[in-house]
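So the structure is just underneath, and the comments pick up after that.
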Amino acid sequence: MKVIRTKEFTAQRAWGALDIANMNGITTRLHWTNEPYKWHINDGEEVFVVLDGCVEMRYKEQGQEKSTLLNVGDIFYASVGTEHVAHPQGEARILVVESEGSV
């Protein structure tokens, strides 16, 4: 059993994570960051939930770069092959659900 107070979580570096659960190869992790990630494509699907802060999510559709602003409670779903990068606007705490070992 775990109770996690997400607003209290901070990592020692950008995109540092707290492992919450691993259910049959699907990981759930809480990330803290104040810096952008890198453009990437996950090995599988990804669910990205903003728990605190605001994140500009940039992604590509048919080679065209697009962007959307994610606020607290917003969810970004990256299907297989979706190239994307998260740019927090200040500090953000994000819940990520994805295949174990994914980028």
Side-chain angles (χ1 to χ4, degrees):
M1 212 256 349
K2 293 180 187 178
V3 174
I4 300 160
R5 309 281 182 209
T6 59
K7 286 192 176 231
E8 297 171 7
F9 174 68
T10 334
Q12 298 209 0
R13 60 178 174 77
W15 294 100
L18 172 67
D19 292 327
I20 297 172
N22 184 327
M23 298 171 286
N24 297 318
I26 303 298
T27 62
T28 303
R29 304 177 85 199
L30 173 61
H31 290 270
W32 172 90
T33 190
N34 59 354
E35 296 178 15
Y37 197 61
K38 60 183 179 194
W39 280 100
H40 66 286
I41 298 172
N42 295 79
D43 299 332
E45 299 162 294
E46 175 185 339
V47 175
F48 182 103
V49 184
V50 178
L51 299 177
D52 186 44
C54 182
V55 176
E56 179 190 6
M57 182 64 77
R58 299 176 190 173
Y59 58 99
K60 293 183 181 173
E61 279 186 343
Q62 300 173 343
Q64 295 278 337
E65 186 176 326
K66 298 185 178 189
S67 172
T68 189
L69 200 57
L70 302 172
N71 293 297
V72 173
D74 290 343
I75 299 169
F76 178 81
Y77 169 71
S79 57
V80 175
T82 302
E83 189 173 5
H84 59 287
V85 60
H87 283 256
Q89 311 296 294
E91 286 189 21
R93 288 165 182 88
I94 300 142
L95 189 71
V96 176
V97 181
E98 62 189 351
S99 297
E100 183 176 16
S102 190
V103 173

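In this structure E61 satisfies the salt bridge (Lys or Arg N to Asp or Glu O under 4.0 Å) test together with K66, sequence neighbours excluded. Remark: E100 pairs with no residue by the salt bridge (Lys or Arg N to Asp or Glu O under 4.0 Å) rule, at least two apart or across chains. Applying the salt bridge (Lys or Arg N to Asp or Glu O under 4.0 Å) criterion to E83, with sequence neighbours excluded, gives K60. Partners of D52 under the salt bridge (Lys or Arg N to Asp or Glu O under 4.0 Å) rule, at least two apart in sequence or in another chain, are K7, R93.
Residue pairs meeting the ring-ring contact (aromatic ring centres under 6.0 Å, His included) criterion with at least one member in residues 55-74, sequence neighbours excluded: Y59-F76. Pairs passing the salt bridge (charged side-chain N to carboxylate O under 4.0 Å, His left out) check and including a residue from residues 8-34, sequence neighbours excluded, read D19-R29.
Atom CD of residue E46 and atom CD1 of residue I41 lie 12.0 Å apart, to the nearest 0.5 angstrom. Atom CE of residue M57 and atom NE2 of residue H87 lie 9.5 Å apart, to the nearest 0.5 angstrom. For the atom pair OG1 (T6) and CG (L95), the distance works out to 9.0 Å, reported to the nearest 0.5 Å.
Looking at H31, its side chain does come within 3.5 Å of a backbone N or O of W15 through a donor-acceptor pair. When atom types are taken as modelled, the side chain of T27 and the backbone of N22 share no donor-acceptor pair closer than 3.5 angstrom. Judged by distance alone, the side chain of H84 and the main-chain N or O of W39 form no donor-acceptor pair under 3.5 Å.
Here the side chains of T33 and P88 are in contact, with some heavy-atom distance below 4.5 Å. Contact annotation: the side chain of M23 approaches that of T28 to within less than 4.5 Å [non-hydrogen atoms, C-beta and beyond]. Between R5 and V3 there is a side-chain heavy-atom pair separated by less than 4.5 Å.
Residue V50 comes nearest to N71 through the heavy atom pair CB-O, 3.5 Å, listed as atom of the first residue, atom of the second, then distance. For A86 against F48, the heavy-atom pair with the smallest separation is CB-CZ, 3.8 Å. Heavy-atom minimum distance, E98 versus N42: OE1-ND2, 2.9 Å.
When each of L30, V72, I4, I94 is checked for a side chain to side chain contact (heavy atoms under 4.5 Å, CB included) with L51, only L30 meets the rule.
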### Task
Report the C-alpha distance between S102 and S99 in whole Å, list the side-chain angles of each, state the deciding distance to 0.1 Å, and finish with yes or no for side-chain hydrogen bond (donor to acceptor under 3.5 Å, both in side chains).
CA-CA 6 Å; S102 190; S99 297; 5.9 Å; no

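One hydrophobic cluster holds both I20 and V49 under the rule that ILVMFWY side chains link at heavy-atom gaps under 4.5 Å. Residues I75 and V85 are members of separate hydrophobic clusters, defined by side-chain heavy-atom contacts under 4.5 angstrom among Ile, Leu, Val, Met, Phe, Trp and Tyr. Note: the hydrophobic cluster containing V97 also contains W32 (ILVMFWY, side chain heavy atoms under 4.5 Å, direct or indirect links).
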